[in-house]
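Before any comments, here is the structure.
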Amino acid sequence: MKVTLRIRRFNPEHDARPYWAEYIIKDVAPTDRVLDLLHHVKWYIDGTLALRRSCAHGICGSDAMRINNLNQLACKALVKDLVKGDHGTIQVEPILGLRVIKDLIVDMEPFFEHYRSVMPFFVNDNPPPDGEFLQTPEQRARFDDTTKCILCAACTTSCPSFWANGTYVGPAAIVQAHRFIFDSRDTAAQERLAVLSQEDGVWRCRTIFNCTTACPRDIEVTKAIAEVKNAINRGGVD
Amino acid sequence: MKTHQFDALIVGAGGAGLMAALYASQEQRIKVAVVSKLYPTRSHTGAAQGGIGAALGSEEEDRWEWHAFDTVKGSDYLADQDAVEVMCREAVDVVLELEHMGLPFDRTPEGKIAQRRFGGHTRNHGEKPVRRACHAADRTGHMILQTLYQQCIKNQVHFFDEFQVLDLILSEGRVAGIVAVDIATGEVHVFHTKAVLFATGGWGKLWQITSNAHACTGDGTAIVFRRGVPLEDMEFFQFHPTGIRGMGILITEGVRGEGGVLINNEGERFMERYAPTIKDLASRDVISRAIYLEIRDGRGIDGKNYVYLDVRPETVNKHLAEAGETRRIDRAYIESKLPDILDFCRTYLGIDPVEEPMPIQPTAHYAMGGIPTNVDAEVVIDAQKTPLPGLYAAGECACVSVHGANRLGTNSLVDLVVFGRRGGRAMAEYARNAEFPPLPENPAAEALAELEQLRNADGGTRVAELREAMQDMMMTCVGVFRDAACIDSAIEKVRELRAIYDTDLHVDDQGKVFNQDLLDAWELGRMLDLAEATAVSALCREESRGAHSREDFPKRDDANWLKHTLVFRKPDGRLEIDFRPVVITNYQPKERVY
Amino acid sequence: MSGLFTTVREVFRYQGREGQVAWMGHRAAALGTVLFFMIHIIDTSFVYFWPEGYQHAIALYRSPLFAVGEMVLIPAVIYHAINGTRIWLMDWKPGLWKYQRQITLATFALTVLLCAPVMIIMGGHFIEGLGLFGGQ
Amino acid sequence: MSAVQDTFARAGVQINRFESIAWRYMRLSGILLIPLVFGHLAIMHVINSVYVIDYEWVIEARWAYLGWRIYDAAMLWLAGFHGALGLRHVIKDYVHNPRWSFALSAAVAAFMVFLLILGSIALIGAPFEPVTGVPPVE
Ligand SMILES: Cc1cc2nc3c(=O)[nH]c(=O)nc-3n(C[C@H](O)[C@H](O)[C@H](O)COP(=O)(O)OP(=O)(O)OC[C@H]3O[C@@H](n4cnc5c(N)ncnc54)[C@H](O)[C@@H]3O)c2cc1C
Ligand code: HEM
Ligand code: SF4
Ligand code: F3S
Ligand code: FES
């Protein structure tokens, strides 16, 4: 099949503003990834195309982008789900709400700054036991979902609340905080709840659910956010 | 050009690099930084699925000595047994340490770290399988990477993210710094330092079909190689038997652990012929070879280059019944045990492994060889194990050697954290006591010149074409099976490719900002170095051992080849081979039968 | 980058699902409602402060333009109220996220269901009020 | 590149009670407003209409009874705060300059307080019998 790939391109060294470039790619297999098409352009048509990617199977979180106006990982978006019939167009743009550096690459620093602001690390200053900290399978299951996050930013950059105002910490940071807040071994839940209770914290979430749809790891993002909101309102976990 | 000064630098932010960073930065008196071409959490450690091996004995009796024996046996007796002992002993401690850092391991009903069985891990020197792989679902590597990165944030480790290291600076016979390019701006930076630890991971991208990420191009290994450090055991590269056809995405050993079987185009469970006792659970090298032989004899599916991995409940139950086992499985069981695998197959192949068999082929997976080090991760530069002051290496890019000729599943993650930790400690100790060596004049001159040459390369061959030619050549001649004639042609070919690289390469992008075209070209240069080193080492070793299968020398030959290879790159580009004896302590080489 | 302009443009481009549509509606309805609410307090307070003024205001409300406005306002309030209940429910019982799409669709359906008779009756008042067919 | 971050910098902050209460208030007031607003809409717009309503009607049919005055006051206050807090959301979203954002929010708050006082005085002060001499709606 044939695919017209429309890519939002921008090279700060030449272009005053972003523009659309179209590439017609022949002999596309329906099971090809969008990443394969981008590679085809980059490797055989125009080497100046810039995009981040590494693992190519949805594990490293490098290549979140807006494909046909929906945030997805280019390595998990298949042509057959985007194009019906034997010729179609796929449109690829950088994720929204972060400064575009070049082509599909955005400045992730504000995103990681939000991430770091929620104390995304295990805290337990008591002397550790000789063996492991004990934790029942139920306690472990309590935060399992949010441990899956690969920090791809698909969620945060799909959130209209984040588009409106980049000071919102965003769903990804809340997911990361959730992973520790609900870990029975951790002792800094209160501090994290305090950080997230600020103006730019969880309250900016308007329960829009774009984040949940966008998450390539199928994390129940909005649910996690609601759990954090409830924990703040109740003054703590349980 | 910017210059920075740090007492100790870590190159690479995968499991090994982050563990080293945590330990090195605990030494308050020195300044430490991590330089990584990927954002740390994008490192390939995050892809590891199965588990990390440690004789914790949460679920049943286990001893680190048994782990050591299994590792040595798995290595086809090529591993250095002193190093194996260090690794297996410290594994227990380091896994608990990871847990104390918050790593969310799965739990036993009593709340302890859950462990599962894995290929080659046994109780009491081969008696029966033992639960040794500590795991967090099938996302163990992801959890390790995240946990270590989180702790680095907590401890305020200094990161230079998306900085690609191009060169190592030596001065007065010791390490003086590195040269790196800030990918976002294209600016070249010099880092003046006393100690450098390379943790730059593997180089699966040398092969066409690989489970490795695009970033696995072996940069660090190639950089030190160019600076005169030999590479050890380069001929040993593990092919994992079950990668998704054409894509190489890994299908974990767990599928066969749950009862999945390999099937050829005649519907035959062919492993019964190759490993009559444990069949589909034989070690990785054995199975990869068997699949290749089937394909070569025209018994691939549709005569093509793949076979089926069948984990459909009816198939599994049939074989369980034949084997006289009472256990039966159903759809729900598979769904709960292999969620990610099902997801990969459904996403990428559009097939449901519960209903259809999976098309698989061996996939280039893991570098057993690499930068030679001792157990403190100090890089050693000759057969006498003389350290190069200030240079360290850990993780997949290094060769301690604990994996010998074939790595056991779960042992890489152990290797990363154990030797990452030891390396971090050792380099901090060294950096605290050493003085800054003087920087040579124009320390970045060579790297800059190379970049400029590549940037302006306007020949007729695209980077991708050249890379594909290399991957193809490696797959055919330096893959699962090798023989002298084919390897010879590979060496010739790689030199041809190198000549094209030097004279007829084409780079589209002349810019500075995120010039990935340029860096891809640069990486290809490193890969060509490693491809040549691999082929030359493979040609030299005239026996079959572990992952190295010479059709012209099908037997293991302990009398002549119970030794490590060291390949050196001379300043004029010629490669030379030397050898180093294997360290044997407790386990005398025996024939390897499972 | 981010801001009002981006948001307004992108909520129409981005393929958000029911939740995004529900939110856009909720916010639009809310803004309309507050605006009306503010005016409405002022005119109602005329009952005490300036009875004649109140009669003028009512006269204005009876004009066709305001009649149309009223026909928009009432559904907006109804939608905002029902959707507000949904938001509150989703926040209170996060486990409901699995059914979020269905619940959102139900919100839309319920709004239509409630608005239909209201619109019919109000339309009746309007036509009657116009006096086209005799009326008072 | 990411430099060293003071990761505990914000660890000293306390739970922001105002935000938490405001958030809960939006929900609670919303729920309470449902019967009030729906009742109001039904009486004023569905059962009756602007064609029926006028000065006399408002006093005679409604404000003559204390109950309706309380009903309206409850709606006024609940919706007033609800609306003002809601506008604050919107301002915080789209107005990024902290000074402008504060000024606008303050203006909204001041105006809302003014409206609440205005409305409350009317509800308290309005006579229980219509004043005579008010002309009919034209
Ligand atoms: C699919 C898969 C599954 C696996 N499963 C298991 C398992 O279950 N158990 C197990 O024990 N092992 C497993 N392994 C093996 C194991 O995951 C890897 O060997 C290990 O993660 C390598 O870690 P590392 O820290 O050495 O390197 P990596 O994690 O690969 O990190 C390399 C780092 O170096 C940086 N880098 C590279 N080049 C440069 C440069 N030029 N300049 C600056 N930085 C650079 C990168 O940015 C990156 O941060 C698996 C491997 C794969 C591919
Ligand atoms: C009738 C019952 C009502 C219910 C159940 C209700 C419910 C809600 C809820 C739950 C929110 C919060 C949304 C969020 O946090 O994302 C909200 C927002 C809002 N409401 Fe109401 N509300 C009602 C009536 C009103 C009325 C009468 C007004 C006008 C005065 C109003 C004005 C607003 C405004 C301006 C917002 C902010 C909108 C936004 O953030 O997008 N609401 N409402
Ligand atoms: S929550 Fe999901 S979408 Fe968001 S960063 Fe994590 S993995 Fe990506
Ligand atoms: S899209 Fe945004 S508003 Fe909340 S539910 Fe998700 S964070
Ligand atoms: S390339 Fe790793 S997630 Fe897509």
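Everything numeric in this text was worked out from a predicted model, so none of it was measured. In the text below, chain A, chain B and the rest are named by the order of the sequence lines, each starting its count at 1.
- Here C:D91 does not pair with D:R24 in a salt bridge; the nearest charged N to carboxylate O distance is not below 4.0 Å.
- No other option in D:I121, D:I124, D:L33, D:L28 has as many heavy-atom pairs under 4.5 Å with chain C as D:I121.
- Of the two parts of C:L114, only the side chain, counted from C-beta on, holds a non-hydrogen atom closer than 4.5 Å to a non-hydrogen atom of chain D.
- Residue C:F49 qualifies as enclosed at atom CZ: its count of foreign heavy atoms under 6.0 Å is above 12.
- Here the shortest heavy-atom pairing between D:W63 and C:V47 reads CZ3-CG1, 3.7 Å.
- More than 12 heavy atoms of other shown residues, nucleotides or ligands fall within 6.0 angstrom of atom CZ in C:R9.
- Note that CZ of D:F38 is 5.0 Å distant from CD1 of C:I82, once rounded to the nearest 0.5 Å.
- The CD1 atom of D:I117 sits 12.5 Å away from the OG atom of C:S45 when rounded to the nearest 0.5 Å.
- Few gaps surround CZ on D:F128; more than 12 heavy atoms of other groups in view lie less than 6.0 Å from it.
- The part of C:I121 that comes within reach of chain D is its side chain, from C-beta onward, which places non-hydrogen atoms under 4.5 angstrom from that chain.
- With respect to chain D, the highest number of heavy-atom pairs below 4.5 Å among C:H56, C:H40, C:R27 belongs to C:R27.
- Within the model, atoms CG of D:D93 and CG of C:L4 stand 9.5 Å from one another, a figure rounded to the nearest 0.5 Å.
- Chain D forms more heavy-atom pairs under 4.5 Å with one residue of C:H80, C:E70, C:E52 than with any other, namely C:E70.
- Both the backbone and the side chain of C:A59 come within less than 4.5 Å of a heavy atom of chain D.
- Most heavy-atom pairs under 4.5 Å with chain C: of the set D:D54, D:V95, D:V131, D:V37, this distinction falls to D:D54.
- More than 12 heavy atoms of other residues, nucleotides or ligands sit less than 6.0 Å from atom OH of D:Y25.
- Taking both residues in full, the closest heavy atoms of C:I87 and D:R27 are given as CG2-NH2, 3.5 Å, listed atom of the first, atom of the second, then distance.
- The structure places CG of D:L115 at 5.5 Å from CD1 of C:I42, a figure rounded to the nearest 0.5 Å.
- In this structure, D:L123 CG and C:T44 OG1 are separated by 8.5 Å, a value rounded to the nearest 0.5 Å.
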Report the C-alpha separation of C:F37 and D:M112 in whole Å, then their side-chain angles, then the decisive distance to 0.1 Å, and conclude whether the side chain to side chain contact (heavy atoms under 4.5 Å, CB included) test is met.
CA-CA 10 Å; C:F37 172 83; D:M112 204 49 95; 3.9 Å; yes
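- A donor-acceptor contact shorter than 3.5 Å is absent between the side chain of D:H45 and the backbone of C:M122.
- Between D:V134 and C:P51, the shortest heavy-atom contact is CG2-CB, 3.5 Å.
- A distance-only check finds a donor-acceptor pair linking the side chain of C:Q55 to the backbone of D:Y55 [under 3.5 Å].
- Within the 4.5 angstrom heavy-atom criterion, only side-chain atoms of C:Y54, from C-beta onward, approach chain D.
- Contact of C:F126 with chain D is made through backbone and side chain together, with heavy-atom distances under 4.5 Å.
- The two residues D:N48 and C:H125 make their nearest non-hydrogen contact at O-NE2, 3.5 Å.
- In this structure, chain C has no heavy atom under 4.5 Å from any part of D:P130.
- Only the side chain of C:A67 comes within contact range of chain D, judged by heavy atoms closer than 4.5 Å.
- Taking CD1 of C:I74 as the start and CG of D:L41 as the end, the distance is 4.5 Å to the nearest 0.5 Å.
- Across D:G30, D:A42, D:P135, D:G86, the residue that shares the most heavy-atom pairs under 4.5 angstrom with chain C is D:P135.
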